[in-house]
Trainee: 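What follows is a structure written as structure tokens; I'll ask about it next.
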Amino acid sequence: MHEMSLMESVVEIACETAQKAGAARVKVIRLDVGVLSHVDPDALFFCYDAVRRGSLAEEAELRINRVAGEGWCLDCGKTVPLAERFGACPECGQYHVQMTAGDELKIRDLEVI
């Protein structure tokens, strides 16, 4: 389960950022998780409960924003929704689509106090 190591890193980054800002604790962690990222949000929540104990984020709320898949088709020049990696363009049917969104996992922002 790679979600455990991902959440360990997220909590570590959040706590380090809070400490650098002189905060006493982390109140909210907001993540952007792409639907094509192969990361399970339910597993992230499960792992988060385990890795936040004893940290500045122990009482922090985790909020996950799901980011839809999107790409730019090199053939028809349109920005199109993507339902799968390496899928065909829904506009022209060609497979020259460069993914532009949907595979990310990033900390959007933090609330600290």
Side-chain angles (χ1 to χ4, degrees):
M1 179 186 308
H2 67 287
E3 283 86 355
M4 183 64 80
S5 63
L6 292 172
M7 283 314 301
E8 286 173 338
S9 295
V10 166
V11 169
E12 182 180 330
I13 291 167
C15 291
E16 286 176 4
T17 302
Q19 283 179 326
K20 287 179 185 176
R25 66 182 179 95
V26 179
K27 184 176 176 184
V28 179
I29 300 172
R30 289 184 194 84
L31 296 180
D32 284 343
V33 179
V35 297
L36 305 176
S37 67
H38 301 294
V39 175
D40 180 0
D42 291 333
L44 288 177
F45 281 117
F46 178 81
C47 295
Y48 180 64
D49 282 337
V51 301
R52 67 182 171 159
R53 293 194 179 117
S55 73
L56 294 179
E58 185 167 19
E59 297 177 20
E61 177 185 353
L62 177 62
R63 297 182 188 165
I64 295 179
N65 174 48
R66 295 293 280 167
V67 179
E70 186 177 86
W72 186 74
C73 180
L74 300 170
D75 290 315
C76 67
K78 294 181 180 176
T79 299
V80 296
L82 288 180
E84 63 181 342
R85 289 177 173 266
F86 311 112
C89 172
E91 295 289 324
C92 69
Q94 297 299 313
Y95 285 87
H96 301 116
V97 181
Q98 181 177 1
M99 188 183 312
T100 57
D103 67 341
E104 60 267 51
L105 170 64
K106 65 180 181 180
I107 299 172
R108 173 183 286 252
D109 62 27
L110 304 170
E111 287 182 32
V112 297
I113 53 174

Trainee: Tell me the closest heavy-atom pair linking A14 and I29, and the distance in Å.
Mentor: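 In this case the closest contact between A14 and I29 is CB-CD1, 3.8 Å.
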Trainee: Please give me the minimum heavy-atom distance between L62 and L44, naming the atom from each residue.
Mentor: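 Scanning both residues completely, I find the closest heavy atoms to be CD2-O, 4.3 Å.
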Trainee: Would a distance-only check, ignoring hydrogens and angles, find a side-chain to backbone donor-acceptor pair under 3.5 Å from R25 to V112?
Mentor: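 Judged by distance alone, no pair lies under 3.5 Å.
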Trainee: Spell out, as yes or no, whether a donor-acceptor pair under 3.5 Å connects the side chain of T100 to the backbone of E70.
Mentor: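 Flag set: sc T100 to bb E70 pair under 3.5 Å.
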Trainee: When you look at M99 and L36, which way does the side-chain contact (heavy atoms from CB on, under 4.5 Å) test go after all the steps?
Mentor: CA-CA 10 Å; M99 188 183 312; L36 305 176; 4.2 Å; yes
Trainee: Group every Ile, Leu, Val, Met, Phe, Trp and Tyr by side-chain heavy-atom contacts under 4.5 Å, then state whether L105 and V11 land in the same group.
Mentor: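 Result: yes, single cluster for both.
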Trainee: Would you call V51 and E12 a side-chain contact if the rule is heavy atoms closer than 4.5 Å?
Mentor: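 The answer is no; the side chains never approach within 4.5 Å.
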Trainee: Determine the minimum heavy-atom distance between V26 and A18, stating which atoms define it.
Mentor: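 Result for this residue pair: CG2-CB, 3.8 Å.
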Trainee: Going through the distances and angles, do R108 and N65 end up as a side-chain contact (heavy atoms from CB on, under 4.5 Å)?
Mentor: CA-CA 9 Å; R108 173 183 286 252; N65 174 48; 3.1 Å; yes
Trainee: Would I107 end up clustered with M4 when hydrophobic side chains under 4.5 Å apart are linked, directly or stepwise?
Mentor: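 Same cluster: I107 reaches M4 through Ile, Leu, Val, Met, Phe, Trp or Tyr contacts under 4.5 Å.
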Trainee: So how far is it from R53 CZ to E59 CD, rounded to the nearest 0.5 Å?
Mentor: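 Here the interatomic distance stands at 12.5 Å.
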Trainee: Side chain to side chain contact (heavy atoms under 4.5 Å, CB included) with K27: which residues, sequence neighbours excluded?
Mentor: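 Per chain and number, K27 pairs via side chain to side chain contact (heavy atoms under 4.5 Å, CB included) with E111, I113.
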Trainee: Could you tell me whether the side chain of V67 reaches within less than 4.5 Å of the side chain of V33, counting heavy atoms only?
Mentor: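 No, side chains not in contact.
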Trainee: For residues 72-97, which residue pairs qualify under side-chain hydrogen bond (donor to acceptor under 3.5 Å, both in side chains), counting only residues two or more places apart or in two chains?
Mentor: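 As it turns out, the side-chain hydrogen bond (donor to acceptor under 3.5 Å, both in side chains) pairs with a partner in residues 72-97, which skip direct neighbours, are H38-R85, D75-H96, K78-E91.
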Trainee: Might you work through the side-chain contact (heavy atoms from CB on, under 4.5 Å) test for F46 and D40, ending with a clear yes or no?
Mentor: CA-CA 10 Å; F46 178 81; D40 180 0; over 6 Å; no
Trainee: Side chain of T17, backbone of I13: donor and acceptor closer than 3.5 Å?
Mentor: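 Yes; judged by distance alone, with no hydrogens or angles, the pair exists.
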Trainee: Could you tell me which non-hydrogen atom of A88 sits nearest to which non-hydrogen atom of V97, and how far apart they are?
Mentor: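 Looking at all heavy atoms of both residues, the closest pair is C-CG2, 4.3 Å.
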Trainee: Once you round to the nearest 0.5 Å, how far does CD of Q19 lie from OG of S55?
Mentor: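 Here the interatomic distance stands at 9.5 Å.
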Trainee: Looking at every heavy atom in both M7 and Y48, which two are closest together, and how far apart are they?
Mentor: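 In terms of heavy atoms, the two residues are closest at CE-CD1, 3.3 Å.
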Trainee: Measuring from C73:SG to Q98:CD, what's the distance to the nearest 0.5 Å?
Mentor: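 So the SG of C73 and the CD of Q98 are separated by 11.0 Å.
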Trainee: Write down the atom of G34, the atom of R66, and the distance for their closest heavy-atom approach.
Mentor: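 Taking G34 first and R66 second, the nearest heavy atoms are O-NH1, 3.6 Å.
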Trainee: Any donor-acceptor pair under 3.5 Å linking the side chain of E58 with the backbone of L56?
Mentor: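 Checked: no pair found.
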Trainee: Are the side chains of V39 and L6 in contact, using a 4.5 Å heavy-atom criterion?
Mentor: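 A side-chain contact under 4.5 Å exists here.
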Trainee: Determine whether V28 and R63 make a side-chain contact, defined as any pair of heavy atoms from C-beta on separated by less than 4.5 Å.
Mentor: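 Result yes, sub-4.5 Å side-chain heavy-atom pair found.
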